[in-house]
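Below is one structure, written out as structure tokens; the observations come after it.
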Amino acid sequence: MASSTQTERTATRPATDNLLEVSGLEKHFPITRGAFVRRKVGAVHAVDGVDFSIRAGETLGVVGESGCGKSTTGRLVTRLLEPTGGKITFEGRDITHLSTGAMRDLRRDVQMIFQDPYSSLNPRHTVGTIVGAPLRVQKIPTPQGIKRAVQDLLELVGLNPEHYNRYPHEFSGGQRQRIGIARALALRPKLIVCDEPVSALDVSIQAQVVNLLDDLQRELNLTYMFIAHDLSVVKHISDRVAVMYLGKIVEIADRDALYATPFHPYTLALLSAVPVPDPARRDRAQRERVLLTGDVPSPIDPPSGCRFRTRCWKAQDKCAQEVPPLRELASGHRVACHFPVEEAERTPQGRMAAQQAAAEIPPDNTAEPAL
Amino acid sequence: MTLGPVTSSTDLTTPAEEEASTVTDGKKIEGRSLGRIAWTRLKRDKVALTGGGIIIFLILVAIFAPVLNKLFGHPVNEFHQDKIDPNLGGIPPIGTWGGISTDFLLGVQPVTGRDLFSQIIYGAQTSLLIALLATLLAVMIGIVVGITAGFFGGWIDSLFSRFMDLILAFPLILFAIALISVLPPTYWYRVTVIVLIIGGFSWPYIGRIVRGQTLSLREREFVEAARSIGAGNFRIIFRELLPNLAAPILVYSTLIIPTNILFEAALSFLGVGVPSPTPSWGRLLSDAVNYYEYDPMYMVVPGTAIFITVLAFNLFGDGLRDALDPKSNR
Ligand SMILES: Nc1ncnc2c1ncn2[C@@H]1O[C@H](COP(=O)(O)OP(=O)(O)OP(=O)(O)O)[C@@H](O)[C@H]1O
Ligand code: SF4
Ligand SMILES: [Mg+2]
């Protein structure tokens, strides 16, 4: 189990335990004006101080609404983007800022599966060219030829190896995503960042692709950072889950702990938004829903204190003044909230009471308590 | 216009195929590239095919002009004053249609009686040579500048974009007249200068298209995927972007050729084109202006040649665009 701080872990444990460690990671995209002389007029705080670690062989699910910085975090970890702050350690090595040459080597160990199976495959290349590209670029020796290596990869992801000469547009969304997976596997990476790999797919196909990733993980001893925008998708594949809101991690815990006893109001809200497949239970679930009202605030000018306060039914004055730190509330269960969800509140009645209590001490901001 | 990329955003294959993917179907598995699909579409477009046929015909005529002239014409600068009507001041040719006969297929020039057929086919040579060379130059500069601006963005993009605006706003005809008229009127000298001027001023049309396409392609995930496997800028530009730019480049090259043909004709018309005695459609037209009352056919013949050529390239270019644009109906 994770001890209280990340820095301690790094110092006391062997580096092999945590494949990836991220601390204080930041990415601010500058907003500029002017054609020739560019002035910086602000910044998008896409990722704003994120700490987490991923152990070798596990899957960390990362969940949050659209625009909360999940993809940006994934791109920082794969070093497709240059962090503006913080530190990324992979296998004990600092990879926060790498030279072009060192980056090339890192590519072999860290790969990415992309969100959109339609735009992630070059429409002018055949499947063979696409899946073989990593081998060519990295000059990986293929004793039986590149074609054979690619066909083995296609077979591994459940595609017909004879489709080697076909073009992406001849495949369905699910098959395209399998091609993307084959490409990510070509270099036999250790860590794969899966950026919403099933969001663009039909529900019927989502499970197939998730199961494939699950099987591959066991077969090839892979470590995943699995990004999704709702908690139901990551439930089966994740060992631990991190919940992000507006560029920050608000809660991170073992999967079972997070789903059973969420501490952050936002996690609770997300959990009650998880669709319930069984119609008999659906009615009850509907009634118990914590509805998230209002929009996510702009990452250009995030709210002071706790970023969730504009939509939180428990928000109080303190929430506007102090940034809640990520505290360990139970073993390995870390939450960034001044007033974590209590056991009683996990029922609708309890929430109602909490909301009323919060309403009696109205926060001095525009926050509207929502249920 | 988005050329190339997404064939359609909906799946053509059914989810059922998902499971069947590992089952080998009986028929031979051969990929159908977007190029092949475009060709299939183009083959069904009669108008574009007619345009393409005319273009091929014109190119063959230009290449085999000497042979054709031997068979059906007379030497370019041979005078046939016996074909000129002396009763009408020695100006118009004998006969109603500008002297068209089995011997002189397109009639003869007024006053001198030179064979118009040979003037037209050698004129095609001049016209196509200059237009194609100028287009080639424009495409090369356009690709380099467009990709550089679109791919690297930032101040490089701002700089190149303003530069392209500047060139497009340039009073080109005036500049061309001024420059060419002070240069020695020898054939290759003029051809080179004309090609440089036309190409040097029409590349921003290609440059803008390429820049725009590069800007949108750059954001597509396959570029990021290429980066994530360790590909450098060089490989991304040549292997990932260029194949996707080929279609729009092809279409817009085809569409600036007619503009360049007209430009060459205009320069010749204004007396700053290829020097006489090299035949040129534009110069024939400007010469014909002097005689239109006596011999209107003299104006109609080169005018029709220019018209048909320009129309053929435009029709073919439009057809090509429709065939390559996946958003148009299949
Ligand atoms: N290159 C960029 N330049 C400027 N802003 C960016 C850039 N990339 C992302 N952003 C901004 O950063 C924020 C986080 O974006 P990100 O793509 O990480 O969100 P996400 O959680 O992946 O959302 P989604 O679920 O829609 O994929 C967004 O507000 C987005 O507009
Ligand atoms: S209770 Fe306060 S700190 Fe906790 S989530 Fe709500 S607003 Fe944020
Ligand atoms: Mg995303």
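Values below: all heavy atoms of this structure, side chains included; hydrogens, waters and symmetry mates excluded. Letters A, B, ... are given to chains in the order of the sequence lines, protein chains preceding strands, and every chain is numbered from 1.
- Between the side chains of B/Ser158 and B/Ser161, no donor-acceptor pair of N or O atoms lies under 3.5 Å.
- Using a 4.5 Å cut-off between heavy atoms, A/Thr32 does not touch chain B at all.
- Taking chain B as the reference chain and counting heavy-atom pairs below 4.5 Å, the highest number among A/Thr126, A/Asp116, A/Thr78 is found for A/Asp116.
- If you measure heavy-atom distances from A/Leu121 to chain B, the contacts under 4.5 Å come from the backbone alone.
- Heavy atoms closer than 4.5 Å to chain A are found in both the backbone and the side chain of B/Arg227.
- For chain B, the option among A/Arg79, A/His125, A/Gln138 with the highest count of heavy-atom pairs below 4.5 Å is A/His125.
- Annotation: maximal heavy-atom pairing with chain A below 4.5 Å, among B/Pro243, B/Ser228, B/Ala225, B/Ala231, occurs at B/Ser228.
- Between the side chains of A/Asp202 and A/Ser204, no donor-acceptor pair of N or O atoms lies under 3.5 Å.
- Salt-bridge check for A/Asp109 with A/Arg93: failed, with every basic side-chain N at 4.0 Å or more from each acidic carboxylate O.
- For chain B, the nearby part of A/Arg75 is the side chain; its heavy atoms alone come within less than 4.5 Å.
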Intermediate values then yes/no, salt bridge (Lys or Arg N to Asp or Glu O under 4.0 Å), B/Asp322 and B/Arg41: CA-CA 8 Å; B/Asp322 291 344; B/Arg41 275 187 234 158; over 6 Å; no

Test log, rule salt bridge (Lys or Arg N to Asp or Glu O under 4.0 Å), inputs B/Glu240 and A/Arg124: CA-CA 8 Å; B/Glu240 305 289 335; A/Arg124 301 282 162 183; over 6 Å; no

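- Remark: the A/Asp94 side chain and the A/Thr89 side chain contain no N/O donor-acceptor pair separated by less than 3.5 Å.
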